[in-house]
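All remarks here apply to the structure that follows.
All ligand and atom numbering here is 1-based and tracks the order in the structure. For reference, positions follow the sequence shown, starting with 1.
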Amino acid sequence: MMKRITTVNAKEEIAKLRNEQCAEDDVFFQAMEEVLLSLLPLFKSDEVYAKSAKNAIIRRLITPDRVIKFKVAWLDDKNEIQVNTGYRVQFNNALGPYKGGLRFHPTVNEGILKFLGFEQILKNALTGLPIGGAKGGSDFDPKGKSDFEVMKFCSAFMKELHKYIGPRIDVPAGDIGVGAREIGYLFGQYKSITSSFEGILTGKPPFFGGSQMRTEATGYGVIYFTRKMLELERREDECLKDQVCTVSGAGNVALHAIEKLQHFGAIPVSCSDSGGTLYDSRGVDLELLKDLKLKKRVSLKEYIKVHTDAEFTPVADYPKDGHAVWHIPCFAAFPCATQNELTAIDAKKLIKNGCKCISEGANMPSTAEAVRLILKSDIYFAPAKAANAGGVVVSGFEMSQNAAMQKWTFDEVETKLKATMEEICINVSETAKEYGVEGNYVDGANIAGFKRVADAMIAEGI
Ligand code: NDP
């Protein structure tokens, strides 16, 4: 008789792997556990996927196709040699070329990139586009480096990475610490080495092959998804209008989520950076934030020099095991900074303060314990792999434009992005209903994404 997948053997698979891995892999296991436990309603009710035990789908899905690790030696402005480590985790290409961002941040290690690559497989599957899952980056910190140093680092990084990527093989994009500047330098180096002008990266500036609105896509997409979710669940059209919202982060995702919230008449009152949390009860001044974080690249603390009635709470003054931003009463909360930035303490505070909706802009910003508490409450919860898919959706559009030598207008891209985010939301909601977990968007997203990848893996064989 076919061995059915149960909670026990999903956990066995994780335990087997955990024995072989190191402590760096904690976030990776956190992500895997969440997904595998979510899939139980599918395994119980659908023979095709129960049979996937024979196909070893789980074992194959949680093991990356390859992890590429390389040395990046570069010259700093003092003509001294610096050495960093570069990575590309090519996780799964059942649905299309590997696709996923590059992160440059001192905390980057193999475990974090495996967690992000694994999440990316299911997120990319949810978009309906023909793209697989990957992630990469380096422990290099662009903060405090001159443009010239960033360029030299990017050139050294691409000197190695170019061997493993290509428009039909693997198409990286940006992530934390990798914006238009870094993508430009990486693309330039690829072009010099290969003499080939091709779409090997997305997130390029629009004047040399980038899509319109890639920069805005993730933040805008989170808000489109949230509006659709609230419309489906609460049956209200103008559900964010005049509502107080809290946002964390002050980077690409956070600033564009704030922009779209303001567009829909909501009142985003906060943001945060690695130094602390800013709270402006009248609604944040987005122009000032963009000037401080995107142009001047300085601390959010500078904001209160201009708006003296706003408050800045440094990280040292955060509640124990919590984050000041989630202790501000709000209708909707948008974690858009980094992983595990919304803890159980924070979740309890949000629930107590009457928060009605949480949408994840960052990747896995809520801890497993926080998610469990939120799902037990009456909060509508949009998990990252569905809510923040807007970035990869527009990256997919960029690949299409590059392949067809076309250029779509900003309005065309935004119309398609909105439609795609709404489709993802409806698919997640309906999948949750179909498998008996109505309103649970975590299970809905994991099941819908998994089914698409598993179908392709089974059809393609080993
Ligand atoms: P950015 O580098 O543009 O911004 C990150 C922001 O988060 C910065 O303001 C940074 O502060 C802040 N931050 C970092 N660590 C902390 C912390 N511990 N507490 C509070 N704030 C912190 O990155 P993105 O906006 O691009 O990415 C944010 C998240 O969204 C990440 O999880 C990323 O993986 C995810 N994501 C991004 C996509 C994209 O298209 N960019 C697509 C999908 C997901 P400081 O300014 O001090 O460095």
Tell me which donor-acceptor pairs under 3.5 Å the side chains of residues 203-210 have, and how far apart each pair is, sequence neighbours excluded?
| from | atom 1 | to | atom 2 | distance (Å) |
| --- | --- | --- | --- | --- |
| Lys204 | NZ | Leu201 | O | 2.6 |
| Lys204 | NZ | Glu398 | OE2 | 2.8 |
| Lys204 | NZ | Asn402 | OD1 | 2.8 |

Exercise answer: donor-acceptor pairs, residues 321-334 side-chain atoms, under 3.5 Å, sequence neighbours excluded:
| from | atom 1 | to | atom 2 | distance (Å) |
| --- | --- | --- | --- | --- |
| His323 | ND1 | Glu341 | O | 3.1 |
| His323 | ND1 | Asp346 | OD2 | 2.8 |
| Trp326 | NE1 | Glu341 | O | 3.0 |
| His327 | NE2 | Asp346 | OD1 | 3.0 |

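For the pair Lys260 and Glu414, the salt-bridge criterion is met [side-chain N within less than 4.0 Å of a carboxylate O].
The ring pair (Phe, Tyr, Trp, His ring centres under 6.0 Å) pairs that include a residue from residues 381-429 are Phe397-Trp408, where partners are two or more places apart or lie in different chains.
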Hey, what polar pairs (N/O, under 3.5 Å) does ligand 1 make with protein?
| from | atom 1 | to | atom 2 | distance (Å) |
| --- | --- | --- | --- | --- |
| ligand 1 | 2 (O) | Gly177 | N | 3.3 |
| ligand 1 | 3 (O) | Asn252 | N | 2.9 |
| ligand 1 | 9 (O) | Ala250 | N | 3.1 |
| ligand 1 | 9 (O) | Gly251 | N | 3.4 |
| ligand 1 | 11 (O) | Ser274 | N | 3.2 |
| ligand 1 | 21 (N) | Asp273 | O | 3.4 |
| ligand 1 | 25 (O) | Asn252 | N | 3.1 |
| ligand 1 | 25 (O) | Val253 | N | 2.9 |
| ligand 1 | 32 (O) | Asn363 | N | 3.1 |
| ligand 1 | 34 (O) | Arg103 | NH2 | 2.9 |
| ligand 1 | 34 (O) | Asp175 | OD1 | 2.7 |
| ligand 1 | 34 (O) | Asp175 | OD2 | 3.4 |
| ligand 1 | 34 (O) | Asn363 | ND2 | 2.8 |
| ligand 1 | 40 (O) | Arg214 | NH1 | 3.2 |
| ligand 1 | 40 (O) | Arg214 | NH2 | 3.1 |
| ligand 1 | 40 (O) | Thr218 | OG1 | 2.7 |
| ligand 1 | 46 (O) | Lys293 | NZ | 3.0 |
| ligand 1 | 47 (O) | Lys143 | NZ | 3.4 |
| ligand 1 | 47 (O) | Ser274 | N | 3.0 |
| ligand 1 | 47 (O) | Ser274 | OG | 2.4 |
| ligand 1 | 48 (O) | Lys143 | NZ | 2.9 |

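The ring of Phe157 has its center no closer than 6.0 angstrom to the ring center of Trp74. Annotation: Phe153 is in aromatic contact with Phe104 [ring centroid separation under 6.0 Å].
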